[in-house]
Amino acid sequence: MIPFESPAILQIHARALYGCQALPSSHYISIVKTRLLDLGLDSSLKQLPLSINTPLVTEKGKVVRGHSALDIQELVQTYVNTNTVPKSLWEASIFQARWFKATFLPALVSWNHTDQQLSVAHKKLIKSLYEKGKMPDGLYREFQNMV
């Protein structure tokens, strides 16, 4: 089930079983850590994610929850300036597809900003990603319900 389980759930399970002497869980934890590393997520098991929708991510040696708001703002600002989806997002959607869908897109959907221009661009960027087939239908519907 490890390849199909949500990354945050894997982090929670492994953290709960870490150091447990009653169960032979070391092999499971090792596989989970490998899977989390493959997805570019935190595999230290030192912290629990805040929700099952937002796994912990390792960013430049520092654990953060979800994706950096400044990075998202920068991507949205790039979208404002160029009116096209940033190249880094296209590359991530292709070469880091699991991370893109499991971590980045939920962070992008939940991001909000007080600046009206950025808020409008944020909505357009999400719509553009959806129209290009880079966002799952369920997540897009969730975003529409939030707006």
Side-chain angles (χ1 to χ4, degrees), residues 1-18 25 27-147:
M1 292 302 294
I2 291 174
F4 306 103
E5 193 65 73
S6 128
I9 295 296
L10 289 175
Q11 288 172 329
I12 293 167
H13 285 170
R15 174 78 168 113
L17 292 173
Y18 190 73
S25 57
H27 182 67
Y28 174 79
I29 292 171
S30 174
I31 293 171
V32 167
K33 283 184 168 187
T34 301
R35 174 78 175 134
L36 293 170
L37 285 172
D38 289 344
L39 295 173
L41 301 173
D42 177 47
S43 64
S44 69
L45 307 178
K46 293 180 181 175
Q47 296 177 335
L48 289 172
L50 289 178
S51 78
I52 61 172
N53 296 323
T54 309
L56 292 174
V57 178
T58 301
E59 186 175 299
K60 297 178 185 167
K62 180 178 148 191
V63 175
V64 295
R65 299 184 184 277
H67 196 78
S68 168
L70 290 175
D71 289 343
I72 293 174
Q73 181 174 340
E74 197 174 294
L75 290 168
V76 172
Q77 188 62 51
T78 301
Y79 184 78
V80 168
N81 297 339
T82 64
N83 205 29
T84 60
V85 175
K87 180 182 175 185
S88 61
L89 282 185
W90 285 121
E91 291 172 354
S93 72
I94 295 167
F95 300 113
Q96 298 174 318
R98 290 180 184 152
W99 170 84
F100 184 78
K101 287 182 180 176
T103 304
F104 179 75
L105 286 178
L108 178 65
V109 165
S110 64
W111 182 79
N112 54 37
H113 199 274
T114 55
D115 184 272
Q116 186 63 28
Q117 182 184 18
L118 288 179
S119 295
V120 170
H122 175 242
K123 292 172 189 168
K124 288 181 179 179
L125 174 60
I126 289 176
K127 184 177 180 182
S128 179
L129 288 170
Y130 176 72
E131 290 171 349
K132 304 284 188 205
K134 299 299 180 184
M135 180 175 285
D137 292 334
L139 188 59
Y140 185 69
R141 281 193 298 272
E142 180 182 319
F143 173 71
Q144 288 178 317
N145 290 337
M146 290 171 49
V147 175

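Just the heavy atoms: all of them, side chains too, but no hydrogens, waters or symmetry mates, feed the values below. Note that the structure is a prediction, hence the values are computed from the model and not measured. Start at 1 with the first residue, then count along the sequence.
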Tightest non-hydrogen contact, residues P7 and L36, listed as O-CD2, 3.8 Å
Discussion item. Between L139 and E142, is there a side-chain heavy-atom distance shorter than 4.5 Å?
Written reply: yes
Quiz prompt | Whether F100 and F104 hold their rings parallel, tilted or perpendicular, with breakpoints at 30° and 60° | solution = parallel
* To do: Evaluate the criterion side-chain contact (heavy atoms from CB on, under 4.5 Å) for residue pair D137 and Y130; output intermediate values, then yes/no.
  => CA-CA 8 Å; D137 292 334; Y130 176 72; 3.0 Å; yes
Steps toward side-chain contact (heavy atoms from CB on, under 4.5 Å) verdict (Q73, D115): CA-CA 11 Å; Q73 181 174 340; D115 184 272; over 6 Å; no
Check your understanding: If you count the non-hydrogen atoms of other residues, nucleotides and ligands that lie under 6.0 Å from OH in Y28, is the total more than 12?
Key -> yes
Worksheet item: Is the shortest heavy-atom distance from the side chain of P86 to the side chain of L125 under 4.5 Å?
Response: yes
Is there side-chain contact between L89 and T78, with at least one heavy-atom pair below 4.5 Å?
no
Are the side chains of K134 and W90 in touch, meaning some heavy atoms are under 4.5 Å apart?
-> yes
Could you check whether any side-chain heavy atom of V80 comes within less than 4.5 Å of a side-chain heavy atom of Q117, counting everything from C-beta outward? yes
Value for CD1 (I126) from CG (L108), rounded to nearest 0.5 Å, stands at 4.0 Å
| request: Compare all side-chain heavy atoms of L129 with those of L105 and state whether any distance is below 4.5 angstrom. | output: yes
* Report yes if some heavy atom in the side chain of K123 is under 4.5 Å from a heavy atom in the side chain of F143; otherwise report no. => yes
* Is the count of non-hydrogen atoms from other residues, nucleotides or ligands lying under 6.0 Å from I31 atom CD1 greater than 12? -> yes
CA sep, side-chain torsions, deciding dist, call: H13, V32, side-chain contact (heavy atoms from CB on, under 4.5 Å) | CA-CA 9 Å; H13 285 170; V32 167; 6.0 Å; no
Checklist entry - Heavy-atom distance under 4.5 Å between the side chains of Q11 and L48, does that happen here? => result no
Note: I29 and A14 closest approach over all heavy atoms is CD1-O, 4.0 Å
